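Data first, discussion second: the structure below is written as structure tokens.
Start at 1 with the first residue, then count along the sequence. Note that this is a predicted model, so its numbers are computed, not measured.
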Amino acid sequence: MTYDALEMALNDWQILFAEWGEQKFRAAQVCQWIYAKKAFTWQEMTNLSKALRDKLHDNIAMNFPIMIRQQVSRDGTRKYLWHLNDGARVESVLLNHGGHKTACISSQAGCPLGCVFCETGANGFKRDLTRGEILGQFLMMEKINGADINNIVFMGMGEPLLNEGNVFSAIRSLNDKNMRNLGARHITISTSGIAPGIEDLADFEIPIRLSLSLHAPNDELRSKLMPVNRRYPLQSLVAALKRYHDRTGERITVEYALIDRVNDSPEYAYETAALLDGLEPYINIIPFNPIPSKPELKRSSQGRIKAFCAALTEMKIEHELRKERGSDIMAACGQLAGASA
Ligand code: SAH
Ligand code: SF4
């Protein structure tokens, strides 16, 4: 096979069809079959001639992640384990809330950043995912569930801004009117704080949303919890966030997982408010999800969570205590390992 369907952007289709002497609109037609109608075989594309379908069949592979396990949580959250072409395995999560569906997608097989509280980080790094492997997770979940998914968040395995080229390319296709036509405001990248990547996002032509995994408001504690902070300390991170905020006018969501007696005292809430002053952040407080590799890390008590939130309220920082989802099947934030067990 010369080509792989999901690895091709709209422009690649147009160039190929021009080479084949096909009309230009055929490119959009094929993309609509794949991205909107979820036709994953050429023969289903009934408004193309038999000759063109055969030519596509002979030249272009339809590689999709192969589902090897689906788990359903008590709260309706679904977790999928995928097998990729080279044997790598990644997980995705589908959240269901009030009729709205959100896909939580992986951008890398594993993660090289090793945050101490994250199971993905504890299992090492294998490789970046291709744009097709990123899109494939989303399209397969729509196909399996027979329904459109309303939102995509890059909060699965891996650091999306370390695989920027493929992630941005996948987002362009999700957003393209001739492909999946998913609105920019329904797409979110979550980052551990890759400052240059945040700068690139400020200049990205599609105004998607940004979520920052903060978890500690000073360099000393943050570098202990998230080694990436040594490379991009808070000062450079806040400068990049300010630029993103100024250029896009978007509010930034901040994730803060409360780990018992590690980062959950009210002093840290005051420090967080001071650090993010002027950025109009919206903070998601996540009760820490226990992970097998770090039994010593515990979730904060209700009392400590309340005290932390009260300090944020006092500082007039908008925040929400995130409801935990999917933890009974290890599908909650930070619990994805891509394991085969
Ligand atoms: N690498 C990116 C994208 C992964 S998103 C990032 O770190 O932002 C996964 C989210 O879950 C991040 O906000 C991460 O900080 C958070 N997380 C990781 N481990 C967690 C845990 N054990 N409990 C709660 N949240 C966790
Ligand atoms: Fe990687 Fe994000 Fe997990 Fe850190 S929290 S190890 S950056 S996936």
Side-chain angles (χ1 to χ4, degrees), residues 38 65-83 89-107 109-111 115-123 136-158 186-188 190 211 213 215 253 255-260 262 264 282-306 308-309 319-341:
K38 319 294 171 249
I66 297 165
M67 185 183 85
I68 47 180
R69 190 175 61 200
Q70 173 177 204
Q71 287 167 278
V72 185
S73 151
R74 281 191 294 271
D75 62 28
T77 301
R78 284 162 195 266
K79 182 167 86 164
Y80 297 89
L81 176 64
W82 311 107
H83 174 99
R89 287 174 172 200
V90 295
E91 290 180 319
S92 324
V93 176
L94 184 63
L95 298 147
N96 247 308
H97 32 90
H100 280 262
K101 291 185 167 53
T102 297
C104 179
I105 298 289
S106 293
S107 56
C111 182
C115 301
V116 301
F117 45 77
C118 174
E119 192 64 13
T120 306
N123 282 281
Q137 297 167 58
F138 183 84
L139 296 176
M140 279 297 287
M141 287 199 282
E142 288 197 317
K143 175 110 174 162
I144 291 165
N145 288 279
D148 279 359
I149 295 172
N150 313 87
N151 303 291
I152 182 170
V153 294
F154 285 86
M155 294 190 186
M157 297 166 66
H186 297 271
I187 304 172
T188 302
S190 173
S211 182
S213 303
H215 307 308
T253 303
E255 312 289 325
Y256 198 113
L258 291 180
I259 311 172
D260 188 41
V262 172
D264 65 346
Y282 185 87
I283 305 191
N284 274 323
I285 301 297
I286 315 168
F288 170 72
N289 297 306
I291 54 170
S293 60
K294 292 279 171 15
E296 67 277 22
L297 298 182
K298 308 263 191 264
R299 169 173 295 187
S300 303
S301 65
Q302 288 303 322
R304 292 183 74 86
I305 294 175
K306 261 199 185 146
F308 192 91
C309 290
H319 61 278
E320 181 185 15
L321 185 59
R322 189 83 87 61
K323 234 177 115 189
E324 159 191 7
R325 287 174 178 277
S327 55
D328 55 323
I329 54 167
M330 287 293 285
C333 295
Q335 294 186 319
L336 302 184
S340 54

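Residue I105 holds its CD1 atom at 12.5 Å from OG1 of T188, rounded to the nearest 0.5 Å. Between atom CD1 of residue I149 and atom CD of residue E142 there is a gap of 4.5 Å, rounded to the nearest 0.5 Å. How far OH of Y282 is from NE2 of H319: 8.5 Å, rounded to the nearest 0.5 Å. One finds the CG atom of N145 at 5.5 Å from the CZ atom of R78 (value rounded to the nearest 0.5 Å). Of the inter-residue distances, the one linking L94 atom CG with T77 atom OG1 reads 8.0 Å to the nearest 0.5 angstrom. The CE atom of M140 lies 10.0 Å from the OG atom of S92; values are rounded to the nearest 0.5 Å.
Closest non-hydrogen pair, I329 versus Q71, comes out as CD1-O, 3.6 Å. Of all heavy-atom pairs between C309 and I285, the closest is SG-CG1, 4.1 Å. Between N123 and A337, the shortest heavy-atom contact is ND2-CB, 3.8 Å. Minimum interatomic distance between D264 and I259 (heavy atoms only, all atoms of both residues): CG-O, 3.4 Å. Nearest heavy-atom pair across A331 and L336 is CA-CD2, 4.1 Å. The minimum heavy-atom distance between P290 and R299, with the atom names listed, is CD-NH2, 4.2 Å.
You'll find the side chain of P287 stays beyond 4.5 Å of the side chain of L258, heavy atoms only. Residues I144 and Y80 meet the side-chain proximity criterion, which asks for heavy atoms closer than 4.5 Å. Annotation: side chain of R325 is in contact with side chain of H97 (closest heavy-atom distance under 4.5 Å).
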Handout entry: Criterion side-chain contact (heavy atoms from CB on, under 4.5 Å) on I68 and R89, from CA distance to verdict
Key = CA-CA 9 Å; I68 47 180; R89 287 174 172 200; 3.3 Å; yes
Exercise for the section: Evaluate the side-chain contact (heavy atoms from CB on, under 4.5 Å) criterion for residues M67 and W82: first the C-alpha distance (whole Å), next the side-chain angles of each, then the deciding distance (0.1 Å), finally the verdict. Expected result: CA-CA 5 Å; M67 185 183 85; W82 311 107; 3.5 Å; yes
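At least one donor-acceptor pair under 3.5 Å links the side chain of K79 to the backbone N or O of M330. Side chain of S106 to main chain of E91: a donor-acceptor pair is present (N/O by atom type, distance under 3.5 Å, no hydrogens or angles). Judged by distance alone, with hydrogens and angles left aside, the side-chain atoms of Q137 form no donor-acceptor pair with the main-chain N or O of P65 at under 3.5 Å. A distance-only check finds no donor-acceptor pair linking the side chain of D328 to the backbone of S73 [under 3.5 Å]. Side chain of K143 to backbone of K38: a donor-acceptor contact under 3.5 angstrom is found. At distances below 3.5 Å, not a single donor-acceptor pair connects side-chain atoms of T253 with backbone N or O atoms of S211.
No side-chain donor from either of Q335 and S327 sits under 3.5 Å from a side-chain acceptor of the other. Side-chain atoms of E119 and S293 form a donor-acceptor pair, as typed in the model, at a separation below 3.5 Å.
Salt bridge R322/E255: present, at least one basic N to carboxylate O contact under 4.0 Å.
Using a 30° and 60° split on the angle between ring planes, H215 and F117 fall in the perpendicular class, above 60°.
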